[in-house]
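Remarks on the structure that follows.
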Amino acid sequence: GDSVTQMEGPVTLSEEAFLTINCTYTATGYPSLFWYVQYPGEGLQLLLKATKADDKGSNKGFEATYRKETTSFHLEKGSVQVSDSAVYFCALSSGGGTSYGKLTFGQGTILTVHP
Amino acid sequence: NAGVMQNPRHLVRRRGQEARLRCSPMKGHSHVYWYRQLPEEGLKFMVYLQKENIIDESGMPKERFSAEFPKEGPSILRIQQVVRGDSAAYFCAVRRADTQYFGPGTRLTVL
């Protein structure tokens, strides 16, 4: 079945540091890939997505590239801010059949950014 | 929250009681997904519904849990005879094109 593996957390950084959160996946076919962010006590917000190989998703300074050869979708940001402190989830969606659109999530990575 | 309301936001139940969680998508959304987030874990798919139909319930526990999405009104996730292990955050999501947009969730605490 489908699965998503994220790097172990938590991740603690100083403001303006470079961020990488690794994400690899296993899926049949050609899934769409997503990063969601969850702030304390809130629901998940879509951060960015990519729907086919070599696509790059980007939003609010975050980027991730869909790498089919390495089955990866690593999240990066060049300079983090305190306001980026949250939990980040990598997810995939496999199309087709009755499960169309069902999301499979990684375990989440807690990011804390200090001033 | 992309037009997805959930209520209540917080729900406290004692063991053995019933919990009803509601998800109200904006008009025009006919696909609803429910996910459960156990403490310090990722989200796990529970069920996928279209109006009046359950399409995929492969993630639903076999007993005590049920879901519906009637022609009129919100989608309901019902948990009968709750146990402490049911304490979690429950999220519903709607789908637009190939992307799901989540509601704010209901945090269920079982005493």
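Order of the sequence lines sets the chain letters (A, B, ...), proteins ahead of strands, with each chain counted from 1. Hydrogens, waters and symmetry mates play no part in the numbers below; they use all other heavy atoms, side chains included.
Of all non-hydrogen atoms in B:Gln100 and A:Tyr36, the two that sit nearest each other are O-OH, 2.6 Å.
Residues A:Tyr39 and A:Trp35 share a hydrophobic cluster, clusters being chains of Ile/Leu/Val/Met/Phe/Trp/Tyr side chains in contact below 4.5 Å. A:Phe62 and A:Leu92 fall within a single hydrophobic cluster, where Ile, Leu, Val, Met, Phe, Trp and Tyr are joined by side-chain heavy atoms under 4.5 Å apart, directly or via other members. No continuous path of ILVMFWY side-chain contacts below 4.5 Å connects B:Val94 to B:Ile76, so the two sit in separate hydrophobic clusters.
The contact between A:Gln38 and chain B is made entirely by side chain atoms (from C-beta outward), counting heavy-atom distances below 4.5 Å. Contacts of A:Thr51 with chain B are made by side-chain atoms alone, with heavy-atom separations under 4.5 Å and no backbone atom involved. If you measure heavy-atom distances from B:Gln6 to chain A, you find no contacts under 4.5 Å at all.
By the 6.0 Å contact criterion, CD on A:Glu69 is enclosed, its count of non-hydrogen atoms from other residues, nucleotides or ligands being greater than 12. Applying the 6.0 Å contact sphere to CD of A:Gln81 captures more than 12 heavy atoms from other residues, nucleotides or ligands. Atom NZ of B:Lys51 has more than 12 neighbouring heavy atoms from other residues, nucleotides or ligands inside a 6.0 Å radius. Within a 6.0 Å sphere centred on CD of B:Gln17, heavy atoms belonging to other residues, nucleotides or ligands number more than 12.
The distance from atom OG1 of B:Thr99 to atom CZ of A:Phe34, rounded to the nearest 0.5 Å, is 4.5 Å. Note that the CZ atom of B:Phe102 and the CG atom of A:Leu46 stand 9.5 Å from one another [nearest 0.5 Å]. From B:Tyr33, atom OH reaches atom NZ of A:Lys102 across 10.0 Å, with rounding to the nearest 0.5 Å.
Two rings, from A:Phe105 and B:Phe45, have their centers 6.0 Å or more apart.
If you tally non-hydrogen atom pairs under 4.5 Å between each of A:Gly41, A:Gly108, A:Ala91, A:Gly106 and chain B, the highest count goes to A:Gly41.
Judged purely by atom type and a 3.5 angstrom limit, B:Tyr35 uses its side chain to pair as donor or acceptor with the backbone of A:Leu103.
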